[in-house]
Amino acid sequence: MRRPHLPAWLPLDPYILALLGTVGLAALCPARGTAATVAGGASTAAVALLFFLYGARLSTREALDGLRHWRLHLTVLACTFLLFPLLGLAARALVPGVLTPPLYSGLLFLCLVPSTVQSSIAFTSIARGNVPAAICAGSFSSLAGILLTPLLAAGLLGNDAGGFSPDSALKIVLQLLLPFLLGQFLRRWVGGFLARHRPVLGYVDRGSILLVVYAAFSAGMAAGIWHQVSVLRLGALVAVEAVLLAVMLLVTWYGAGRMGFGREDRIAIQFAGSKKSLAAGLPMASVLFGPQASLAVLPLMLFHQMQLMVCAVLARRRAGDPRDPEPAADRVAEVSPTPQQPTGQAR
């Protein structure tokens with residue numbers, strides 16, 4: 001039996017459909033009482049498993065080798081953890097006229113999460129950009145985000161993200177940092193197994209995130225949080241995020257050009273520097289926001305689908321651009337793994 005395919009004119013990520021279905025399930029059948037306790041415990045375990053797998057998959061040697069292209073990686077990190085947060089802070093002027101305070105907190109959190117890995121690599125490959133640089137840039141961003149995202153959220157979101165209390169710090173260490181470091185430590189023994197079973201583990205990744213989403217939105221339903229959001233406010237949020245994505249795409253492309261990067265490097269910077277990771281952001285939100293995580297992750301879910309649709313079109317157009325006459329002088333020289341095409345994984 002052939003798998004159904006979405007029309008080419010509708011580049012909707014199938015995984016987003018699964019996420020929306022999970023939100024619908026939480027709205028119709030939220031976990032309550034004992035079921036909510038079980039779902040919350042399973043969600044906590046799923047977050048730890050996700051970050052263990054992230055640590056076990058990240059090749060430390062590839063990341064260190066990529067330091068030779070330090071200007072590109074610093075540019076991507078600056079876009080992800082400096083320019084994005086500044087734009088998020090500027091959006092504070094839209095409260096309460098355009099965005100409600102909870103939606104703004106979610107928008108600001110979106111600006112703090114790390115860049116994607118899988119889709120940045122795939123779109124860079126489609127556009128005939130510097131794929132090795134995109135691999136390293138995505139890896140660096142994910143690694144830095146484990147520390148920077150919680151710290152930035154504690155400093156910029158304050159009480160909305162649980163504050164910077166000993167309890168929240170302990171949660172971050174136990175659920176995010178410790179599993180990641182354990183994965184890095186065990187990589188030499190489990191790395192081969194993970195590489196051989198990558199497709200199966202992809203389902204584990206996505207299933208864990210769906211569980212996190214169900215637990216978060218169930219808690220939101222129990223707290224009556226959806227009464228705070230109207231269709232008009234959601235439309236305003238989508239418009240604000242469209243402007244945010246457009247600004248980042250323009251700045252990463254033309255800014256990289258002004259900095260002297262070649263075409264292939266500019267493509268890697270644009271796709272790695274303008275994206276946000278749903279896979280990393282959802283688990284972090286569940287740790288940082290607790291019962292308020294349902295509204296906190298809504299802007300990230302919307303932005304994730306928007307960036308996939310826009311960048312899919314942009315990558316195809318970039319593929320037709322003329323190549324640089326000479327390779328960029330500071331391009332990464334090492335041979336990196338062949339990138340995979342997008343598989344619906346929310347990264």
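Computed from a predicted model, the values in this text were never measured in an experiment.
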Heavy-atom donor-acceptor pair, T22 side chain to L210 backbone, under 3.5 Å: no

Within-4.5 Å side-chain heavy-atom neighbours: V313 and R317: yes

L182 reachable from F193 in the ILVMFWY side-chain graph, under 4.5 Å edges: yes

Under 3.5 Å: donor-acceptor pair, side chain of Q307, backbone of K275: no

Co-members of L25 in a cluster of I, L, V, M, F, W and Y side chains, linked at under 4.5 Å: Y214

Short side-chain to backbone donor-acceptor contact, Y104 and G88, under 3.5 Å: yes

Gap separating the CZ atom of R263 from the CH2 atom of W253, nearest 0.5 angstrom: 6.5 Å

Straight-line distance of F52 CZ to R187 CZ, nearest 0.5 Å: 11.5 Å

Sub-4.5 Å side-chain heavy-atom contact between F261 and I269: yes

L143 CG to C136 SG distance, which is reported to the nearest 0.5 Å: 12.0 Å

Close side-chain approach of L237 to E241, heavy-atom, < 4.5 Å: yes

Distance-minimising heavy-atom pair for L211 and A46: CD2-CB, 4.2 Å

Shortest non-hydrogen separation from L77 to S141 and the atoms involved: CD2-CA, 3.9 Å

Contact check, side chains of L86 and L82, non-hydrogen atoms, under 4.5 Å: yes

T80 side, atom OG1; F140 side, atom CZ - distance, nearest 0.5 Å: 13.0 Å

Same apolar cluster: L28 and V23, side chain cutoff 4.5 Å: no

L300 versus S277, closest heavy-atom pair with distance: CD2-O, 4.0 Å

Validation row: I267, R128 side chains within 4.5 angstrom (heavy atoms): no

Verdict with reasoning, L110 to F84, per side-chain contact (heavy atoms from CB on, under 4.5 Å): CA-CA 9 Å; L110 147 71; F84 252 116; 5.7 Å; no

Sidechain-backbone polar pair: Q270 side chain, T252 backbone, donor-acceptor under 3.5 Å: no

Contact check, side chains of F109 and M284, non-hydrogen atoms, under 4.5 Å: yes

Minimum heavy-atom distance between L108 and P85, given as atom pair plus value: CD1-O, 4.2 Å

Main-chain N/O of L112 paired to T149 side chain as donor or acceptor, under 3.5 Å: yes

Test item: F303 and L107 side chains (from C-beta on) under 4.5 Å apart, heavy atoms: no

Donor-acceptor contact present, side-chain K276 to main-chain C111, <3.5 Å: yes

Heavy-atom donor-acceptor pair, S120 side chain to F271 backbone, under 3.5 Å: yes

Hydrophobic cluster identity match, L245 and L89, side-chain contacts under 4.5 Å: yes

Sub-4.5 Å side-chain heavy-atom contact between P114 and F81: yes

CA sep, side-chain torsions, deciding dist, call: L298, L234, side-chain contact (heavy atoms from CB on, under 4.5 Å): CA-CA 9 Å; L298 183 61; L234 285 178; 3.5 Å; yes

Which atom of V131 lies closest to which atom of S125, heavy atoms considered: CG2-CA, 3.6 Å

Where A39 and A215 come nearest, the two heavy atoms and their spacing: O-CB, 3.9 Å

Distance in Å, L94 CG paired with L103 CG, rounded so as to fall on 0.5 Å steps: 11.5 Å

R71 backbone acceptor or donor facing T75 side chain under 3.5 Å: yes

Distance (rounded to the nearest 0.5 Å) between L99 CG and R92 CZ: 10.0 Å

Side chain R318, main chain G129, donor-acceptor under 3.5 Å: no

